[in-house]
Amino acid sequence: MSDYGHELWFGSFITPTARPPQAPVELALTSERAGLDLVSFQDHPYQSAFQDTWTLMSYVAARTERIRISGNVLNLPLRPPAVLARAAASLDRLTGGRVELGIGAGAFWDGIVAMGGRRLEPAQAVRAVEEAVDVIRGLWATDETGPLRVTGEFYAVTGAKRGPAPAHRIPIRIGAYKPRMLRLTGRIADGWLPSLGFLPEGPASLRAMNEQIDEAASAAGREPAAVSRLLNLSGRFTSGSGGGLLQGDPGDWAEQLADIALQYGTSGFILASDEPADLNLFGHEVAPRARELVQSERGA
């Protein structure tokens, strides 16, 4: 078992479709009304069918009151970290501390290059993420004296003034699957954000991947529990039970997610769906039942 003892929370993962432009906004409002804790959006700036994710996040922030907001994950090769740091801190201050940061090294390199980005090899992409986190956290660190200087292979900041500081400590979560990026997550990240559909053995893959994060965290002098474990997921709600993983009624979903939380330490579950009915079931029925099951098991 790898239960890190974190409280469970639940979110939505919404497509930032450009047509109609208000569709993802309405789904964000549905997410908030359903009691979900976070609304997140994928980020593919080279996809012309999508709205710009950061612009959409800002608009959604102004339309909502309580729900936290995040990219899932932001495309780092096309979002310079110094600018991203100021954007995130600014939106966090404007929302009273509702911004979270999910970042990715980049995956669809042809699209990235077409938009003016630089193609990176896997090892380079890992180093670029590490440099980016140094830049972002450095610009937020207004309690440190002097301007920020980061001399990196991919990102260089030569005397930038620090600030503004965000309203709260914005967690930085990394989308990671391969060993080098998992080890980086353990060394420096606040959270790990994979997608269930990309795990070769389903939830069972989480065990070995968690071990790599934990080992890297310990080697860096960190507690493994300092890295929260999230999971993007999808499935189908049905009227009957027993249909397999995330293929059943809300009670089935709750039991399965509670089991994943207790076995693999996942504390944030984010549903990828553009269906209001799914978001309502996830928030109103799955989330509270899963929390009850985990609390009961921990209490026992």
Side-chain angles (χ1 to χ4, degrees), residues 1-3 6-17 19-20 22-42 49-50 56 60 63-70 72 102 193-207 228-300:
M1 289 184 65
S2 299
D3 182 7
H6 298 155
E7 291 186 10
L8 267 60
W9 59 265
F10 297 81
S12 61
F13 186 9
I14 293 169
T15 307
T17 182
R19 296 181 181 177
Q22 291 294 326
V25 180
E26 292 302 319
L27 289 169
L29 293 170
T30 297
S31 300
E32 182 166 70
R33 289 191 291 265
L36 294 176
D37 303 289
L38 175 131
V39 58
S40 65
F41 304 92
Q42 58 184 290
F50 291 171
L56 178 60
V60 165
R63 292 288 309 277
T64 54
E65 298 179 357
R66 175 196 56 82
I67 199 163
R68 306 194 305 265
I69 302 161
S70 180
N72 187 351
L193 180 53
S195 293
L196 181 60
F198 293 156
L199 301 180
E201 299 176 359
S205 299
L206 295 172
R207 188 178 305 280
S228 63
R229 320 298 160 112
L230 288 65
L231 189 62
N232 293 319
L233 47 89
S234 60
R236 185 169 63 91
F237 288 106
T238 67
S239 58
S241 61
L245 181 62
L246 304 182
Q247 300 287 327
D249 62 29
D252 287 339
W253 279 57
E255 291 178 5
Q256 292 166 0
L257 296 185
D259 185 62
I260 293 172
L262 293 166
Q263 283 201 60
Y264 307 112
T266 304
S267 57
F269 294 99
I270 306 173
L271 176 61
S273 177
D274 295 332
E275 294 297 330
D278 290 349
L279 301 178
N280 279 308
L281 287 172
F282 195 59
H284 289 305
E285 299 189 34
V286 176
R289 180 58 180 155
R291 288 190 179 104
E292 289 175 3
L293 291 170
V294 169
Q295 290 171 0
S296 176
E297 185 66 24
R298 286 173 175 169

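Counting heavy-atom neighbours within 6.0 Å of Glu65 CD, excluding the residue itself, gives a total of 12 or less. Within 6.0 Å of the CD atom in Gln22, the count of heavy atoms belonging to other residues, nucleotides or ligands exceeds 12.
If you take CZ on Arg229 and CG on Asp3, they are separated by 11.5 Å, rounding to the nearest 0.5 Å. In this structure, OH in Tyr264 is found 10.5 Å from CG in Leu199, a value given to the nearest 0.5 Å. Taking OG of Ser12 as the reference point, atom CD1 of Ile270 lies at 8.5 Å (rounded to 0.5 Å). Going from atom CZ of Phe13 over to atom CG of Leu231 covers 11.5 Å, rounded to the nearest 0.5 Å.
Between Pro16 and Gln42 the shortest side-chain heavy-atom distance falls below 4.5 Å. Proximity of Val39 to Glu32: side-chain heavy atoms (C-beta onward) are nowhere separated by under 4.5 Å. Side chains of Pro203 and Leu245 form a contact here, defined as non-hydrogen atoms less than 4.5 Å apart. Side chains of Trp9 and Leu230 form a contact here, defined as non-hydrogen atoms less than 4.5 Å apart. For the pair Phe282 and Phe269, the minimum side-chain heavy-atom distance is below 4.5 Å. Using a 4.5 Å heavy-atom cutoff, the side chains of Gln247 and Asp252 are not in contact. Residues Pro24 and Thr15 form no side-chain contact, since every pair of their non-hydrogen atoms from C-beta on lies 4.5 Å or further apart.
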Can you check side-chain contact (heavy atoms from CB on, under 4.5 Å) on Ile260 and Leu206, steps first, answer last?
-> CA-CA 9 Å; Ile260 293 172; Leu206 295 172; 4.1 Å; yes

Quick one: do Leu246 and Leu196 satisfy side-chain contact (heavy atoms from CB on, under 4.5 Å)? Show the steps, please.
-> CA-CA 11 Å; Leu246 304 182; Leu196 181 60; 4.0 Å; yes

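Residues satisfying the salt bridge (Lys or Arg N to Asp or Glu O under 4.0 Å) test with Glu255, not counting sequence neighbours, are none.
Relative orientation of the Trp253 and Phe237 rings is parallel, given thresholds of 30° and 60° on the angle between their planes.
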